[in-house]
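Working notes, structure below.
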Amino acid sequence: MSRVQQQMMASGVSLGQIQQQLDTVANNMANVGTNGYKSRDAKFVDLLFQQIDNLNPADQDQTDTANRLTPNGIRSGSGVKVGDTSLDLSAGAIKETGNPLDLALTDAHQFFTVDGGGATAYTRDGAFNTQPDPGNANQLRLLTKSGAAVLDAGGRPMTIPAHYRDIRINQAGQINVTLNNGTTVNAGQLGIVTINRPQLLESSGNNQYALPNLATLGIGLNQVVQPAAGSVTQGSLENSNVDLTKEMADLINLQHNYQLNARSVTIGDQMAGLVNGLLR
């Protein structure tokens with residue numbers, strides 16, 4: 001493979017990976033107004049490179065060789081790839097809404113547990129609402145904005161009495177409901193957990209996260225997820241932690257990198273055309 005072909009291959013590979021990071025930045029910017037959203041940051045790593053030594057030992061400067069910190073010749077790389085996208089769990093700003101069903105968690109490593117389609121999912125978005133329970137007219141189901149059931153500390157869907165006058169949720173996530181007749185009843189405990197290894201979390205849509213198959217990683221669920229005492233603030237929501245200024249700066253840098261790599265492919269194509277013309 002010629003040097004021009006190697007250069008074009010490395011640039012072509014890099015273009016595809018820069019596009020992936022552009023998608024990550026675009027997703028962060030699109031969710032700047034999403035409650036409880038946590039931004040992701042893509043990291044690049046070098047792909048395999050080849051050491052090319054084009055000098056015989058007899059031709060090498062022995063003094064230079066003795067003092068060199070790098071090998072003789074050149075290293076021909078194969079471009080870069082996105083090695084990982086890390087989740088930034090820094091807390092977003094808390095905004096007051098006055099809605100008693102809006103809940104914010106002030107501990108950055110805590111999550112609400114919700115139904116993720118048969119498996120437990122985790123979210124920081126506490127914009128909850130209620131809907132009548134089809135199986136019981138006297139009960140209301142507690143749901144997320146997307147309609148997923150909010151789970152209690154035992155992993156069961158939460159319900160509250162339908163005819164209530166006031167609802168109070170303390171810092172630990174305990175729900176107390178005052179009925180129209182003045183009676184106060186305990187409606188249960190919100191399922192709140194601490195994620196000890198947040199980088200294992202995978203986005204599952206609707207501002208929710210899921211865990212991979214931990215058994216294949218040799219990790220027990222209790223090593224990753226633990227019940228938490230709760231850090232609930234009622235009547236408030238957590239803003240997205242996306243730093244729009246940083247994302248804009250990253251976007252500009254990525255666009256420049258993309259343009260440079262695209263230009264490199266164009267120049268390589270022109271050089272190949274010149275060589276082909278000389279051979280004719």
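Residue numbers start at 1 and run along the sequence shown. This structure is a prediction, so every number in the text was calculated from the model and none was measured.
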Notebook entry, point to check: Would you say the side chain of Arg141 lies within less than 4.5 Å of the side chain of Pro132, judging by non-hydrogen atoms?
Noted result: no
Next item on the list: Report yes or no: do Phe128 and Ile94 belong to one cluster of Ile/Leu/Val/Met/Phe/Trp/Tyr joined by side chain heavy-atom distances under 4.5 Å?
Entry: no
Notebook entry, point to check: Would you find a donor on one side and an acceptor on the other, under 3.5 Å apart, between the side chain of Asn31 and the backbone of Thr34?
Noted result: no
Notebook entry, point to check: Quick one: does Pro100's side chain get under 4.5 Å of Arg168's, heavy atoms only?
Noted result: no
Next item on the list: Kindly check if the number of other-residue, nucleotide or ligand heavy atoms within 6.0 Å of CD (Glu202) is above 12?
Entry: yes
Check: Shortest non-hydrogen contact from Gln208 to Gly116?
Finding: OE1-CA, 4.3 Å
Check: When clusters are formed by joining ILVMFWY residues with side-chain heavy atoms under 4.5 Å apart, either directly or through shared neighbours, do Val193 and Met158 land in the same one?
Finding: no
Notebook entry, point to check: Do Gln19 and Asp23 have side-chain N/O donor and acceptor atoms under 3.5 Å apart?
Noted result: yes
Note to self: Does Arg165, at its CZ atom, have more than 12 non-hydrogen atoms belonging to other residues, nucleotides or ligands within less than 6.0 Å?
What the structure shows: yes
Next item on the list: Keeping the roles fixed (side chain from Gln110, backbone from Ala228), state whether a donor-acceptor pair exists under 3.5 Å.
Entry: no
Notebook entry, point to check: Taking side chain as C-beta onward, heavy atoms only, is Val225 less than 4.5 Å from Leu211?
Noted result: yes
Checklist line | Distance-only donor-acceptor check, side chains Asn35 and Glu238, under 3.5 Å | finding: no
Next item on the list: Check whether any side-chain N or O of Gln171 sits under 3.5 Å from a backbone N or O of Ala229 as a donor-acceptor pair, and report yes or no.
Entry: no
Next item on the list: Please determine, by modelled atom types, if Tyr37 and Asn28 share a side-chain donor-acceptor pair under 3.5 angstrom.
Entry: yes
Notebook entry, point to check: Between Lys38 (side chain) and Asn241 (backbone), is there a donor-acceptor pair under 3.5 Å?
Noted result: no
Check: Within the distance-only criterion (no hydrogens, no angle test), does the side chain of Gln174 pair as donor or acceptor with the backbone N or O of Gly188 below 3.5 angstrom?
Finding: yes
Next item on the list: With the side chain counted from C-beta on, respond yes when Asn176 and Val185 share a heavy-atom pair under 4.5 Å apart, and no when they do not.
Entry: no
Next item on the list: Indicate the atoms forming the closest heavy-atom contact of Leu190 with Leu103, along with that distance.
Entry: CD1-CD1, 3.5 Å
Checklist line | Residues Asp102 and Thr97: side-chain donor-acceptor under 3.5 angstrom | finding: yes
Check: Do Thr123 and Asp125 have side-chain atoms, one donor and one acceptor, less than 3.5 Å apart?
Finding: no
Note to self: For a quick test of reading the model, state the closest non-hydrogen atom pair linking Ala162 to Ala137 and the distance between them.
What the structure shows: CB-O, 3.8 Å
Checklist line | Exam field: side chain Asn257 to backbone Leu260, donor-acceptor pair closer than 3.5 Å | finding: no
Item checked: Nearest non-hydrogen partners of Gln234 and Ile167, listed with the distance -> NE2-O, 3.1 Å
Check: So, Gln139 side chain and Asn136 main chain: donor-acceptor pair closer than 3.5 Å or not?
Finding: no
Checklist line | Side chain Thr130, main chain Leu140, donor-acceptor under 3.5 Å | finding: no
Next item on the list: Output yes when a side-chain donor or acceptor of Asp107 lies under 3.5 Å from a complementary backbone atom of His109, and no otherwise.
Entry: yes
Notebook entry, point to check: Got Pro161 and Leu179 here, is their nearest side-chain heavy-atom distance under 4.5 Å?
Noted result: yes
Checklist line | Closest heavy-atom pair and its distance - Pro198, Leu89 | finding: CB-CD1, 3.0 Å
Notebook entry, point to check: Among the clusters formed by ILVMFWY side chains lying less than 4.5 Å apart, do Val114 and Tyr209 turn up in the same one?
Noted result: no
Check: Which of these passes side chain to side chain contact (heavy atoms under 4.5 Å, CB included) with Val224: Ile219, Asn196, Leu201, Thr194?
Finding: Ile219
Notebook entry, point to check: Same cluster or not: are Leu87 and Leu105 linked, directly or through other Ile, Leu, Val, Met, Phe, Trp or Tyr residues, by side-chain heavy atoms under 4.5 angstrom apart?
Noted result: no
Item checked: Verify same cluster id: Leu221, Phe112 (apolar side-chain graph, 4.5 Å) -> no
Notebook entry, point to check: Would you say Ser236's side chain and Thr233's backbone share a donor-acceptor pair under 3.5 angstrom?
Noted result: no
